[in-house]
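Reading through the structure tokens given below for one structure.
Reckoned from all heavy atoms, side chains included, excluding hydrogens, waters and symmetry mates.
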Amino acid sequence: MIKVITYGTFDLLHQGHINILKRARALGDYLIVGVTTENFDITRGKINVSQSLMERMEAVRRTGLADEVIPEEYEGQKIDDIIRNNVSVFAVGSDWDGHFDYLNEYCKVIYLPRTEGISSSQLRDSNAIKVGVVGGDPTVYKLIEQAKKVNGLEISGLYSDEADIVLKADKAYKTFDALLAENDAVYVAVRPENRFEYISRALNSGKHVISESPISMDGKQAESLYRLAEEKKLILFDSIKTAYGLPFQRLVLLIKSGIIGEIKNIDVTCTSLEVKEWLKVTKYYSSFTGWGAVALLPVFKILGIDYESISFLTLNSDEFKDIYTKATLKYKDAVATVNVGVGVKSEGDLRISGTDGYIYVPAPWWKSGYFEVRFEDLAKNKRYFYENEGDGLRMELVRFVRSISDNANNYYLSDDISIAICKVMKQYKEAAI
């Protein structure tokens, strides 16, 4: 029996995929099809897949061309699969010409001609979601660059009502209404106290919204925004990039598994020395409104939102209000300390202490693709490494597009956590008076 094996993502299965499968099938008596998992795609930098692994595997099965469909989960698996299944032929599309020549040591490698004029990327782009950006926050330029790498999404242009902000964009809208008229969704990056107004206007105009965090400076306002989005059957996304990155997701799951026991303390620090640049462009930010949402993310994801009390210690400078803030949250059986600063520099790390051990994430923890689980017995210590493409921003945009297409809730950053962050912002404002 001649066994043939081929691999692919097979997202939005189309005629081009079917033609490849038919050609591979014709090379032997038994066809094995490997479908790449989402996590493996992420490590390869391919994070714009529209369908789940199960959907893609089932689509391949329904063609009737595969005798066996398996997931591809890790680098080097092709060699394992070829040896274990006694495969005679490895087949793949000609766009990979030469890339898999190393497999000739284990079987015959054949590059198959691909169907011209059709691809999953083209199918996704044909229904691309047009997004207009409002605001001149420096983060919008990172957004524009990362959006270019996400199929199914197009940044159309920018609008800002801030007179001192010069937009660096190919297209600048003259009014917010003009932006709303030409787009399916809005990215809100205005000053924190104005976000509620812009999000409300966008939702009432039937537009999906992704907004810098916090989405409001008041918890009740945030609740009303999510109710409005639900009533309008629209997606409202809170944009904390770290929440969407694979390293942070794995960190939270590991903690939830009980690897370090019961969590008793979280120490998190976010600081930046970019105060001079921030003063030029974003005068309205304080250290807590700028960093607070990011710093609160691991606290609320791990300990929950039902804290018993919160206290703030804020330092001001001659040129900048709130150069540094320390917030302490007391839970029934745990405590968390949040340190944020703009113009004050400290080690931006994250430490999570449990009854059996602790986890250390080095600076800058919100971008890090590496963390350590440490125990009293040093021999048990373990290091974890993950890809973090685009510091979570690219994956956030992918999730936003998918939530719109599937009309699904934001699993990575729940409404409850988003609202809780806004409630803390109000408590911070009241404490600062």
>> Within the supplied structure, the quantity of interest is the number of heavy atoms (other residues, nucleotides, ligands) at a distance under 6.0 Å from Lys220 NZ; does it exceed 12?
In response: no
> Passes side chain to side chain contact (heavy atoms under 4.5 Å, CB included), Leu397 versus Leu143? Steps please.
Replying inline: CA-CA 9 Å; Leu397 295 173; Leu143 165 79; 3.5 Å; yes
> For Val340 and Val338, what are the C-alpha separation, side-chain angles and deciding distance, and is it a side chain to side chain contact (heavy atoms under 4.5 Å, CB included)?
Replying inline: CA-CA 7 Å; Val340 293; Val338 168; 4.0 Å; yes
>> Using the rule given for side chain to side chain contact (heavy atoms under 4.5 Å, CB included), can you reason through Val268 versus Val299, listing the C-alpha separation, both sets of side-chain angles and the distance that settles it, and then say yes or no?
In response: CA-CA 8 Å; Val268 55; Val299 177; 4.3 Å; yes
> Using 4.0 Å as the upper bound for N to carboxylate O, is an ion pair formed by Arg56 and Glu58?
Replying inline: no
>> With a 4.5 Å cut-off on side-chain heavy atoms, are Gln221 and Cys422 touching?
In response: no
> Under 3.5 Å, is there a donor-acceptor pair between the Thr36 and Thr9 side chains?
Replying inline: yes
> Looking at Val190, Ile215, Val209, which one forms a side chain to side chain contact (heavy atoms under 4.5 Å, CB included) with Tyr198?
Replying inline: Val190
>> Salt bridge or not between Lys429 and Asp218? Use side-chain N to carboxylate O under 4.0 Å.
In response: no
> When the ring planes of Phe100 and Tyr102 are compared, do they come out parallel, tilted or perpendicular, using 30° and 60° as the limits?
Replying inline: tilted
>> Within the 4.5 Å heavy-atom criterion, are Ser200 and Leu225 side-chain neighbours or not?
In response: yes
> Among side-chain atoms of Asp101 and Tyr111, is any donor-acceptor pair under 3.5 angstrom?
Replying inline: yes
> For Glu68, does the CD atom sit with more than 12 other heavy atoms under 6.0 Å from it, leaving out its own atoms?
Replying inline: yes
>> Any salt bridge linking Glu212 with Lys241? Criterion: basic side-chain nitrogen under 4.0 Å from a carboxylate oxygen.
In response: yes
>> Side chains of Tyr187 and Ser239 only: does a donor on one sit below 3.5 Å from an acceptor on the other?
In response: yes
> Going from CD1 on Ile144 to CD1 on Ile155, what distance comes out if it is rounded to the nearest 0.5 angstrom?
Replying inline: 6.5 Å
> Is there a side chain to side chain donor-acceptor pair (under 3.5 Å) between Asn339 and Lys326 once you walk through the steps?
Replying inline: CA-CA 5 Å; Asn339 304 280; Lys326 179 188 288 289; 2.6 Å; yes
>> Let me confirm one number: the NZ-CG distance from Lys207 to Leu234, rounded to the nearest 0.5 Å.
In response: 9.5 Å
> So do Leu246 and Arg250 actually touch side chain to side chain, heavy atoms under 4.5 Å?
Replying inline: yes
> Is any side-chain N of the basic residue among Glu223 and Lys423 closer than 4.0 Å to the acidic one's carboxylate O?
Replying inline: yes
>> Between the side chains of Lys233 and Glu230, is the shortest nitrogen-to-carboxylate-oxygen separation below 4.0 Å, so that they form an ion pair?
In response: no
>> How close do Val4 and Ala91 get, counting heavy atoms only, and between which atoms?
In response: CG1-CB, 4.3 Å
> Any side-chain donor-acceptor pair under 3.5 Å between Asn410 and Tyr244?
Replying inline: yes
> Is Tyr106 close to Ile83 at the side-chain level, that is, under 4.5 Å between some pair of heavy atoms?
Replying inline: yes
> Aromatic rings Trp365 and Phe248: how do their planes relate, parallel, tilted or perpendicular, breaks at 30° and 60°?
Replying inline: tilted
>> I want to check a possible cation-pi pair here: Lys78 against Tyr7, using under 6.0 Å from ring centre and within 45° of the ring axis as the test.
In response: yes
> Just how far is it from atom OH of Tyr159 to atom CG of Leu180, taken to the nearest 0.5 Å?
Replying inline: 10.0 Å
> Between Pro71 and Thr37, what is the shortest heavy-atom contact and its length?
Replying inline: CB-CG2, 3.9 Å
> What's the verdict on side chain to side chain contact (heavy atoms under 4.5 Å, CB included) for Ile240 and Ile421, showing C-alpha distance, side-chain angles and the deciding distance?
Replying inline: CA-CA 11 Å; Ile240 304 180; Ile421 289 171; 3.7 Å; yes
> Does some side-chain heavy atom of Asp81 sit less than 4.5 Å from a side-chain heavy atom of Ile32?
Replying inline: no
>> What I want to check is whether the side chains of Ser346 and Thr269 have a donor and an acceptor closer together than 3.5 Å.
In response: no
>> With heavy-atom distances below 4.5 Å as the criterion, would you say the side chains of Met217 and Thr289 are in contact?
In response: yes
> Are Phe312 and Phe288 close enough that their ring centers fall under 6.0 Å?
Replying inline: yes
>> Can you see whether Tyr358 engages Arg351 through a side-chain donor-acceptor pair at a distance of less than 3.5 angstrom?
In response: no
>> Within a 6.0 Å radius of atom NZ on Lys332, are there more than 12 heavy atoms belonging to other residues, nucleotides or ligands?
In response: no
>> One pair to check against side chain to side chain donor-acceptor pair (under 3.5 Å): Arg399 and Tyr412. What are the steps and the verdict?
In response: CA-CA 9 Å; Arg399 297 300 179 191; Tyr412 297 91; 2.9 Å; yes
>> If we count only N and O atoms by modelled type, under 3.5 Å, do the side chains of Thr314 and Asp322 hold a donor and an acceptor together?
In response: no
> Side chains of Val361 and Ile359: does their closest heavy-atom pair fall under 4.5 Å?
Replying inline: yes
> So which heavy atom on Ala293 is nearest to which on Ser213, and how close?
Replying inline: CB-OG, 3.3 Å
> Less than 4.5 Å apart, any side-chain heavy atom of Ile235 and any of Ser403?
Replying inline: yes
> Between Arg394 and Glu396, does a salt bridge (Lys or Arg N to Asp or Glu O under 4.0 Å) hold up when you go through it step by step?
Replying inline: CA-CA 5 Å; Arg394 199 186 311 173; Glu396 174 188 63; over 6 Å; no
